[in-house]
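It should be emphasised that the depicted structure is a prediction, and the values quoted were computed from it without experimental measurement. Side-chain atoms are counted along with the backbone in the values below, which use heavy atoms only and exclude waters and symmetry mates.
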Amino acid sequence: MSKQFEKIDFPVSKVQEYREPGPIVLVSLSAGDKINIMTMGWHTVMEFAPSLVGGVVSSGNDIFRLVGESGKWGIHLPTTALTREVVGIGNPPYADQRFSLTQGESKEVKPPLIREFHANFKCR
């Protein structure tokens, strides 16, 4: 017989934090002097060799436009210690908050790397 798990209520205002499919990734882009970063809500590996990652970005998001302008972006994997902070990036009502992440330099692509994250992928 399968084990029964106790159900507990979570506040609806926190649903975004609990429903992230994981791993949570952030996408960064730059075009001209503008840099933007957002939490990506859905992504998947589509091919292994060569690597191909698919994701969804709303056409209403500034990053959607920047993809076409720059053609290069970064995908960033945070550590679990940063989960609460990164879920808020790019998601209302947190959009106007500042987050304490450190910008690192990238030689091959213009979007910056994020030093606190354990992996940064340079994409084109």
Side-chain angles (χ1 to χ4, degrees):
M1 188 157 114
S2 65
K3 181 179 178 179
Q4 296 295 315
F5 294 94
E6 181 181 344
K7 306 285 190 225
I8 58 175
D9 289 332
F10 289 99
V12 174
S13 63
K14 300 279 188 180
V15 71
Q16 186 70 14
E17 293 178 35
Y18 299 121
R19 69 152 204 89
E20 290 292 340
I24 296 170
V25 301
L26 273 68
V27 174
S28 68
L29 279 145
S30 61
D33 60 351
K34 183 165 182 146
I35 295 173
N36 201 338
I37 187 166
M38 66 167 263
T39 304
M40 181 173 273
W42 183 87
H43 53 86
T44 189
V45 173
M46 297 174 70
E47 184 67 62
F48 294 103
S51 295
L52 181 62
V53 175
V56 175
V57 176
S58 167
S59 61
N61 190 301
D62 205 27
I63 285 203
F64 184 86
R65 180 182 55 78
L66 292 175
V67 167
E69 288 180 23
S70 112
K72 297 179 182 179
W73 58 93
I75 296 176
H76 313 279
L77 294 171
T79 62
T80 56
L82 294 169
T83 300
R84 285 190 181 273
E85 186 173 50
V86 299
V87 166
I89 294 174
N91 289 311
Y94 310 103
D96 293 330
Q97 291 184 13
R98 297 286 178 216
F99 298 93
S100 56
L101 299 173
T102 310
Q103 179 175 319
E105 291 189 31
S106 174
K107 295 179 178 125
E108 289 84 17
V109 298
K110 194 171 180 183
L113 305 181
I114 302 171
R115 290 188 180 160
E116 290 81 3
F117 288 18
H118 72 271
N120 294 275
F121 299 96
K122 303 166 192 175
C123 307
R124 56 183 164 90

Sequence neighbours left out, cut at 3.5 Å: what donor-acceptor pairs do the side chains of residues 74-82 make with other protein atoms?
| from | atom 1 | to | atom 2 | distance (Å) |
| --- | --- | --- | --- | --- |
| His76 | ND1 | Asn120 | OD1 | 2.5 |
| His76 | NE2 | Ser28 | OG | 2.7 |

Distance from Lys122 atom NZ to Trp73 atom CH2, nearest 0.5 Å?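 Separation between the atoms: 15.0 Å.
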I'd like to check the side chain to side chain donor-acceptor pair (under 3.5 Å) partners of Thr102; sequence neighbours left out, ordered by chain and number.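 Thr102 satisfies side chain to side chain donor-acceptor pair (under 3.5 Å) with Glu116 only.
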Check side chain to side chain donor-acceptor pair (under 3.5 Å) between Arg115 and all other residues, then give those that pass, not counting sequence neighbours.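 Arg115 satisfies side chain to side chain donor-acceptor pair (under 3.5 Å) with no residue once adjacent residues are dropped.
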Quick one, Val27 and His43 - any side-chain contact, counting heavy atoms below 4.5 Å?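 Of all side-chain heavy-atom pairs linking His43 with Val27, none is under 4.5 Å.
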Please answer: with hydrophobic residues joined when any side-chain heavy atoms are less than 4.5 Å apart, are Leu29 and Val53 in the same cluster?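 They do share one cluster, since a chain of ILVMFWY contacts under 4.5 Å joins Leu29 to Val53.
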Could you walk me through whether Phe117 and Leu26 pass the side chain to side chain contact (heavy atoms under 4.5 Å, CB included) test, one step at a time? CA-CA 10 Å; Phe117 288 18; Leu26 273 68; 4.1 Å; yes
Residues which pass side chain to side chain contact (heavy atoms under 4.5 Å, CB included) with Ser59, listed by chain and number, not counting sequence neighbours: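 Once residues adjacent in sequence are excluded, the partners of Ser59 under the side chain to side chain contact (heavy atoms under 4.5 Å, CB included) criterion are Phe64.
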